[in-house]
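Worksheet for the structure shown next.
Read the numbers this way: they start at 1 and go in the same order the structure lists the ligands and their atoms. Below, each value reflects all heavy atoms present in this structure, side chains not excepted, and no hydrogens, waters or symmetry copies.
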Amino acid sequence: MEADSDIKTTPRGFQCGLCNVNLPNQSSVDQHVKGRKHQTLRTVRSTRKTQERHSVFVSGITPLVSQSDVTEYFTQFGPVSDVVMDKDKGVYAIVQFAETESLQATLSRVEHQMGGLKLRVKPREKKDFKLIPKKNASQNLQQALERLKPPLCQLVSVNAQVQYVVERFQLGENEKKARGLLVQLLQEVFVEFFPDSQIQPFGSSVNTFGVHSCDLDLFLDLDNTKVFQAQAKSTAEQAGEGTSDDGRSEDSILSDIDLTSASAAEVLDLVAAILRRCVPSAHKVTVVGGARLPVVKFHHHQLNLQGDITINNRLAVRNTRFLQLCSGMDERLRPLVFTIRHWAKQKQLAGNPSGAGPLLNNYALTLLVVFFLQRCEPPVLPTVDRLRDMACEEEECVIDGWNCTFPSQPIAVPPSRNTQDLSTLLFGFFTFYAKFDFAGSVISLRQGRALPITDFLSQEQPEGEKPTKLHGPKLGPLSLLDPFDLSHNVAGNLNERSQRGFQRECQEADKYCRSLQYQRKSTKGKSWGLVRLFTPRGDVPQSPAEQLTISIPFKPASLPEALRDRLRAAGGGFRLPWFREVCCAVEGVLKGVLGCHLAPSADAAWGAESFVDAETSPGSLNASMNDSCDSVGSQGEGAGAAVAGAKRPLSSSSDAGESPEGKKPRLSKRRKPEPPHWICVQKHAVWAGRRRVRRELVKDSDSRPEGSCVALETKVTARIAEKEPELGGPLEVKVQPQVIGGTESTKAVLTLEPISDEAGVFHDFFHFLEAFLPKMVETFLEKDASDL
Ligand code: ATP
Ligand code: MG
């Protein structure tokens, strides 16, 4: 059997030479050879072998020879199934026949003459099929860091390091020139087919944030072509030539398509065809039609760059101008964006390598930097509304109904009074987002503040529908409004995991920035400053032992309408009523569903006392990757005072910052004896064998996932309590609900602490609750109290 020949024995078990994996024992070998990877590679290998046996290698052709010329010539020896040309140099081809006999016939011919060319035909080289292991992403990131480390370490300050990052990564003058020439070439080609059309670069190639390998984003503006087409058509009709296509340019592509009625996908198919036919160095031309904005992608070999052509993308051209303006308004933005983009790349938080994905894209990340700079005290950048007011009449601009007005020149904008340096601002960025309440806020660059998410709950666009002005943005774990298209959440693609990852990395970076290692050059030649920030994710020593806390996420979209209305009515103070609901739900789960005896502490009224600053919390937020580093402590008048950061217990990062009672309670480390909590007593191991009991109860007729049904889970508990003996001694646990991050946070956390645990089951109980409680609380919250 062929699979057997791939498996070799080794001193430590077996190895599959095809898939390049080690296997410890025979049963894993058996599983492996039946597995998808092994089977797919076997199929690929056998297809390659067949291709090799059926094809010849042809040289001596010239770039003028086409694929069909080659096919036509070789068909005399038998049916040709494929011809692969070397498109760049155009000097060789691989011809694949449908039958092996054709191969013999071809090779036995002594001389091959094709249209005056003398061809050399050889059997195709047989190569061993080998799986070339890809370098994994983290190896690449580690290498990037190793290259950057020596020059960064020898600089004198973090400010100098940040500037170095710009020098090292920015697009060079020659690269910009080459891109400019390509744009010019494309313009000349497209105008042949689409008269009066215009191709405009946008995105990072021109918004001042471009790095060496960034893609080339292009907008093909066909508005003038539409006018041209309409005029040509009416001229033809007036000349009495009927409604035929005669009025349009004979050999123009416009004779095939009516631009006013054609779909974007149809137009992009034409664009792709033009690229394939007329731009020799454009490779891998593909139309991606399913995206929010359909796009034609291509790869330019000589320049080694990825190009994206869109139509209907005027807003992107305008937001590119906006970012250019921001760069011009304050020279600190550009170095900060370069550094934060590189940090996010190294931490695998941004980039979405294939274009789409659940990570932040660089545009969204840049807007987060701009927003932070709007929130600094005093602001580094003005709000988009203020910029609109600074523009003059000629600069007025409305696109697709959205006001996109701002001054065309940075000189029109008064300089910022903020004097913080790059090192402080970078630190401030991490502090700001480490504490930011993403779940409860919608970020508005227009207004330069975080709006309460409850304001948007009734405006959400129905699932699957195209966004319109009538609907609000698609809310998500990170809601970041486009500065112009206010119905668009530019981070709408993010999932919870990527949002959490972003915030966690901001928290880690924030802690690191407090250390001397960030702020001072090492005299012993050790890594310092940005180097540690750029260490790829996973390579940084992990936080010390996890604290026993359980987070209850804020998911406004799944709340019942009545509760949403109540939260909406509370405006910026919606977090307290929400927290109270969570406490009721937790109580319901522990007492009602899990049969615990629950005694609240004397003052368990769940008020503003439970809203604590991150630094005072007992939870995991303070677990530091940097505990060993010397803490710089107070940032003085720098980051702490100027950015919504470390020194303020309740950040002023949003106007929704009033406490639920309308005043801002100041919460300090030595504030109060103890926040409200419950003492929870459990006598049965209600976590043990739950799945089995649930299966017995529903008898497979209902496949409800765990935690989705209050009545069922209550029955499961009752059945366990009835059948199983009591624990060796009751488990007594203190459960303390809190909201970490002050009154602007929706980070609800339960801290569990064992008081009495004779049976030694506290950890089992905790791990069970960790998964069960958030789901069950969500189920509780989704229902109206009357349903329960
Ligand atoms: P890079 O290509 O270096 O990653 P970029 O800024 O060019 O950065 P792209 O993802 O290529 O980012 O997007 C190109 C441009 O398209 C952006 O600069 C922006 O103008 C626009 N754009 C990208 N994503 C969005 C979005 N989610 N919402 C609105 N406009 C966007
Ligand atoms: Mg781009």
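Set against the non-hydrogen atoms of A316, the atoms of ligand 1 under 4.0 Å away are 20 (O), 21 (C). Of all atoms in ligand 1, numbered sequentially from 1 with element shown, those under 4.0 Å from a heavy atom of D217 are 7 (O), 11 (O), 14 (C). When each atom of ligand 1 is checked for a heavy atom of D482 under 4.0 Å away, the hits are 29 (C). Interface atoms of ligand 1 facing C214, defined by a heavy-atom separation under 4.0 Å, are 3 (O). The contact set between ligand 1 and T320, taken as ligand atoms under 4.0 Å from a residue heavy atom, comprises 20 (O). Distances below 4.0 Å separate heavy atoms of D215 from the following atoms of ligand 1: 2 (O), 7 (O), 11 (O). Of all atoms in ligand 1, listed by their number and element, those nearer than 4.0 Å to a heavy atom of N319 are 19 (C), 20 (O), 30 (N). When each atom of ligand 1 is checked for a heavy atom of F202 under 4.0 Å away, the hits are 14 (C), 15 (C), 16 (O).
Of all the heavy atoms of F209, none lies under 4.0 Å from any atom of ligand 1, so neither backbone nor side chain is involved. With a heavy-atom cut-off of 4.0 Å, V490 touches ligand 1 through backbone and side chain alike. Only the side chain of N207 comes within 4.0 Å of ligand 1, judged by heavy-atom distances. Contacts between T366 and ligand 1, counted as non-hydrogen atom pairs separated by less than 4.0 Å, are absent for every part of the residue. Residue Q306 does not touch ligand 1, judged by heavy-atom distances below 4.0 Å.
Between the choices S204, S213, A491, the shortest heavy-atom distance to atom 5 (P) of ligand 1 belongs to S204. With distances taken over non-hydrogen atoms, the option nearest atom 23 (C) of ligand 1 out of F219, F322, Y363 is Y363.
Looking only at heavy atoms of the protein, atom 18 (O) of ligand 1 is closest to G203 CA, 3.3 Å. The nearest heavy-atom contact from the protein to atom 4 (O) of ligand 1 is N362 ND2, 2.8 Å. When hydrogens are left out, the protein atom nearest atom 24 (N) of ligand 1 is N361 ND2, 3.1 Å; that is the closest non-hydrogen contact. Looking only at heavy atoms of the protein, atom 26 (C) of ligand 1 is closest to H488 NE2, 3.5 Å.
Judged by the 6.0 Å and 45° rule, R276 forms no cation-pi pair with F298.
Two rings, from F436 and Y433, have their centers less than 6.0 Å apart. Between F169 and F338, the gap from one ring centroid to the other reaches at least 6.0 Å.
The aromatic rings of H283 and H301 lie parallel to each other, their planes meeting at an angle below 30°, with 60° marking the opposite boundary. Under the 30°/60° scheme for interplanar angles, the aromatic rings of F484 and F322 are found to stand perpendicular.
The name of the N, O or S atom in D215 nearest to the Mg ion (ligand 2) is OD1. Within D217, the N/O/S atom positioned nearest the Mg ion (ligand 2) carries the name OD2.
For the residue pair T746/D437, the side-chain donor-acceptor check at 3.5 Å is satisfied.
Ion pairing of R386 with D389 is absent here, as no side-chain N (NZ or NE/NH1/NH2) approaches a carboxylate O to less than 4.0 Å.
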Next item on the list: Please report the C-alpha distance between D223 and R314 in whole Å, then the side-chain angles of each, then the deciding distance to 0.1 Å, and finally whether the salt bridge (Lys or Arg N to Asp or Glu O under 4.0 Å) criterion is met.
Entry: CA-CA 11 Å; D223 271 9; R314 224 169 277 281; 3.0 Å; yes
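Contact of the M329 side chain with the L387 side chain is registered, since non-hydrogen atoms from C-beta on lie closer than 4.5 Å. In this structure, I453 and S441 have side chains that are not in contact, with every pair of non-hydrogen atoms separated by 4.5 Å or more.
Counting heavy atoms of neighbouring residues, nucleotides and ligands inside a 6.0 Å radius, atom CD of E331 does not exceed 12 of them.
To the nearest 0.5 Å, atoms CD (Q229) and CZ (F194) are separated by 9.5 Å.
Checked by atom type and distance alone, the side chain of Y518 pairs as donor or acceptor with a backbone atom of S423 at under 3.5 Å.
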